[in-house]
Amino acid sequence: MLILNKTAGVFFKPSRRKIYEFLGSFHFHPGKLFLHKLVLGIETSCDDTAAAVVDEAGNVLGEAIHSQTEVHLKTGGIIPPVAQQLHRENIQRIVQEALSASEVSPSELSAIATTIKPGLALSLGVGLSFSLQLVDQFKKPFIPIHHMEAHALTIRLTNKVEFPFLVLLISGGHCLLALVRGVSDFLLLGKSLDIAPGDMLDKVARRLSLIKHPECSTMSGGKAIEHLAKQGNRLHFDFQPPMQRAKNCDFSFSGLQHVIDKMIMQKEKEEGVEQGQILSSAADIAAAVQHTVACHIAKRTHRAILFCMQRGLLQPSSAVLVVSGGVASNLYIRKALEIVTNAAQCTLLCPPARLCTDNGIMVAWNGVERLRAGLGILHNTEGIRYEPKCPLGVDISKEVGEAAIKVPRLKMKI
């Protein structure tokens, strides 16, 4: 619909014919009366084009999603201009399908919520452009959404979770620990200092050429590692978790990836295997990598729980850890976190796997939460821009480091 001109930094409207074709595709229901607030959520921050309609009671009235996974598997990673083009080709259809499934017309919406930060610039631009056209056409309030805030609040759609709670967000693009005190009130306890765990697992899978493995050819890198690890023996390789002496809640994965790359190169020489061929020890490497990542994430999360309890930010009787993001669907990592929460007498909650990855439901629900709280609802969208990089909440990670909390050693028998 709208096209963002990066050079000029302005939006250009498409032809009226295309607008009317789009609007004319909706079936209106003049006899229907909606008693709840209805929010359309649109998500295009990375490589999934998604939309959903959710009401204030948390009912998902309609949703649609188009995944680009197969395309990006072939290219060995996400190429931003390719992702942008695929978003452009699919966003109209996806929004239309979500609205049609919900039997809601745009005029019946209470607001339109869209992810505008953080994410891939070219991808964010497509969702924002399309949303602004709908907002302008139907004179609806616009609710800009922070991608990580949406992931963090998803649990309140599926479970009765009160503020405050601790959240661990782990995905291919993000890794952070934060205390959630309100809809838009976050204290950042720690984050990755380099790359995200999902990104690291994807890179290891590519280095191991797992796409050539008959059981993993259609899986993302992280899923391939998890699948193959079940067949391997993690004790055959000894990778040390990063930052063991740093008594904070930050994460690091690039150094570990470098060590793993060197080990893979060494094994290729030992086995007489060229790069691009599958090592006989691939399953053992996958198991060791997954275990090391799980232990690293678990220890930093354990420290975050202890910090929040010691500072009175979480009450031991009602402490909740929420884990979300694409990597949260990894069951091995979840089991490691279960060991931590059991030791800390904390409740572990995860949204359903399909809501851990990017989706339109979480964006719509975040819009509902903000609409109810009266936070960040725009009736004038002039000057609104996407933000590829954007921190979450108030950063108190330095204070966490200064507390230097020692974490008790736990046996990670998974």
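Side chains of Leu188 and Ile396 form no contact here, defined as non-hydrogen atoms less than 4.5 Å apart. No side-chain heavy atom of Cys350 sits under 4.5 Å from any side-chain heavy atom of Val322. A heavy-atom distance below 4.5 Å is found between the side chains of Ile42 and Val95. With contacts defined as side-chain heavy-atom distances shorter than 4.5 Å, the pair Phe237/Asp284 qualifies. Side-chain contact check for Arg207 versus Gln275: some heavy-atom pair is nearer than 4.5 Å. Using a 4.5 Å cut-off on side-chain heavy atoms (C-beta onward), Ile285 and Leu208 make contact. With contacts defined as side-chain heavy-atom distances shorter than 4.5 Å, the pair Val183/Arg370 qualifies. Using a 4.5 Å heavy-atom cutoff, the side chains of Ser397 and Asp250 are in contact.
Considering all non-hydrogen atoms of both residues, Lys212 and Ile278 come closest at C-CD1, 3.6 Å. Shortest non-hydrogen contact noted between Leu157 and Ile361 is CD2-CG2, 3.4 Å. Taking every heavy atom of both residues into account, Ser123 and Cys46 meet most closely at OG-O, 2.9 Å. When all heavy atoms of Ala98 and Ala51 are compared, the pair lying nearest together is CB-O, 3.7 Å. Nearest heavy atoms, Ala50 versus Ile65: CB-CG1, 3.8 Å. The minimum heavy-atom distance between Ser131 and Thr114, with the atom names listed, is OG-OG1, 2.6 Å.
Inspection of the Glu43 and Ser45 side chains reveals an N or O donor paired with an N or O acceptor under 3.5 Å. Thr341 and Glu338 are not linked by any side-chain donor-acceptor pair at a separation below 3.5 angstrom, with hydrogens and angles left out of the test. For the residue pair Glu149 and Asn366, a side-chain donor N or O sits within less than 3.5 Å of a side-chain acceptor on the partner. No hydrogens or angles considered: a donor-acceptor pair under 3.5 Å links the side chains of Thr49 and His87. Ser252 and Asp194 share a donor-acceptor pair across their side chains, judged by distance under 3.5 Å alone. At a cut-off of 3.5 Å, with distance as the only test, a side-chain donor of Gln85 or Glu89 sits close to an acceptor on the other residue.
Phe163 carries Arg156 over the face of its six-membered ring, with the cationic atom under 6.0 Å from the centre and within 45° of the normal.
The distance from the CD atom of Glu399 to the CG atom of Leu187 is 8.5 Å, given to the nearest 0.5 Å. To the nearest 0.5 Å, the span separating CZ on Phe142 from CD1 on Ile112 amounts to 8.0 Å. With values rounded to the nearest 0.5 angstrom, Ser102 atom OG is found 8.5 Å from Glu108 atom CD. Taking CD from Gln240 and OG1 from Thr292, the interatomic distance works out to 7.5 Å, rounded to the nearest 0.5 Å. Here the straight-line distance linking atom OG of Ser129 with atom CG of Leu134 works out to 11.5 Å at 0.5 Å rounding. In this structure, CG in Leu201 is found 11.0 Å from CG in Leu210, a value given to the nearest 0.5 Å.
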For residues 374-381, run the donor-acceptor check on the side chains, cut-off 3.5 Å, and write out each pair with its distance to 0.1 Å, sequence neighbours left out.
{"unit_1": "Asn380", "atom_1": "OD1", "unit_2": "Glu382", "atom_2": "N", "d": "2.9"}

Name every donor-acceptor pair, under 3.5 Å, that has one atom in a side chain of residues 325-332 and the other anywhere in the protein, sequence neighbours excluded.
{"unit_1": "Ser329", "atom_1": "OG", "unit_2": "Lys223", "atom_2": "NZ", "d": "3.4"}
{"unit_1": "Ser329", "atom_1": "OG", "unit_2": "Gly326", "atom_2": "O", "d": "2.7"}
{"unit_1": "Asn330", "atom_1": "OD1", "unit_2": "Tyr332", "atom_2": "N", "d": "2.9"}
{"unit_1": "Asn330", "atom_1": "OD1", "unit_2": "Ile333", "atom_2": "N", "d": "2.9"}
{"unit_1": "Asn330", "atom_1": "ND2", "unit_2": "Gln290", "atom_2": "OE1", "d": "3.0"}
{"unit_1": "Tyr332", "atom_1": "OH", "unit_2": "His291", "atom_2": "ND1", "d": "2.6"}

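Sorted by first and then second residue, the pairs that involve residues 355-365 and meet side chain to side chain donor-acceptor pair (under 3.5 Å), not counting sequence neighbours, are His147-Asp358, His151-Asp358, Trp365-Glu369.
Every residue meeting the ring pair (Phe, Tyr, Trp, His ring centres under 6.0 Å) condition with Phe253, not counting sequence neighbours, appears here in chain and number order: His296. Residues forming a ring pair (Phe, Tyr, Trp, His ring centres under 6.0 Å) with His302 (at least two apart in sequence, or on another chain): none. Not counting sequence neighbours, the partners of Lys335 by the side chain to side chain contact (heavy atoms under 4.5 Å, CB included) test are Ile414.
Each of Ile195, Leu177, Leu193 was evaluated against Phe251; a single residue qualifies, Leu177, per the side chain to side chain contact (heavy atoms under 4.5 Å, CB included) test.
Checked for salt-bridge contact, Lys203 and Asp261 miss the test: no charged N lies under 4.0 Å from a carboxylate O. Asp136 and Lys139 are joined by a salt bridge, as a carboxylate oxygen and a charged side-chain nitrogen come within less than 4.0 angstrom of each other. Under the 4.0 Å criterion applied to side-chain N and carboxylate O atoms, Arg354 and Glu63 are assigned as salt-bridge partners.
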Item to complete: Given side-chain hydrogen bond (donor to acceptor under 3.5 Å, both in side chains), test Gln257 with Ser254 step by step and report yes or no.
Response: CA-CA 5 Å; Gln257 184 200 325; Ser254 62; over 6 Å; no
| request: Let me see the working for Phe165 and Leu321 under side chain to side chain contact (heavy atoms under 4.5 Å, CB included), right down to the final yes or no. | output: CA-CA 6 Å; Phe165 60 88; Leu321 169 67; over 6 Å; no
Practice item. Verify side chain to side chain contact (heavy atoms under 4.5 Å, CB included) between Ile143 and Leu371, making sure each step is shown before the conclusion. Key: CA-CA 8 Å; Ile143 306 177; Leu371 198 61; 4.2 Å; yes
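The 12-atom threshold is not exceeded at CD of Gln345, counting heavy atoms of other residues, nucleotides or ligands nearer than 6.0 Å.
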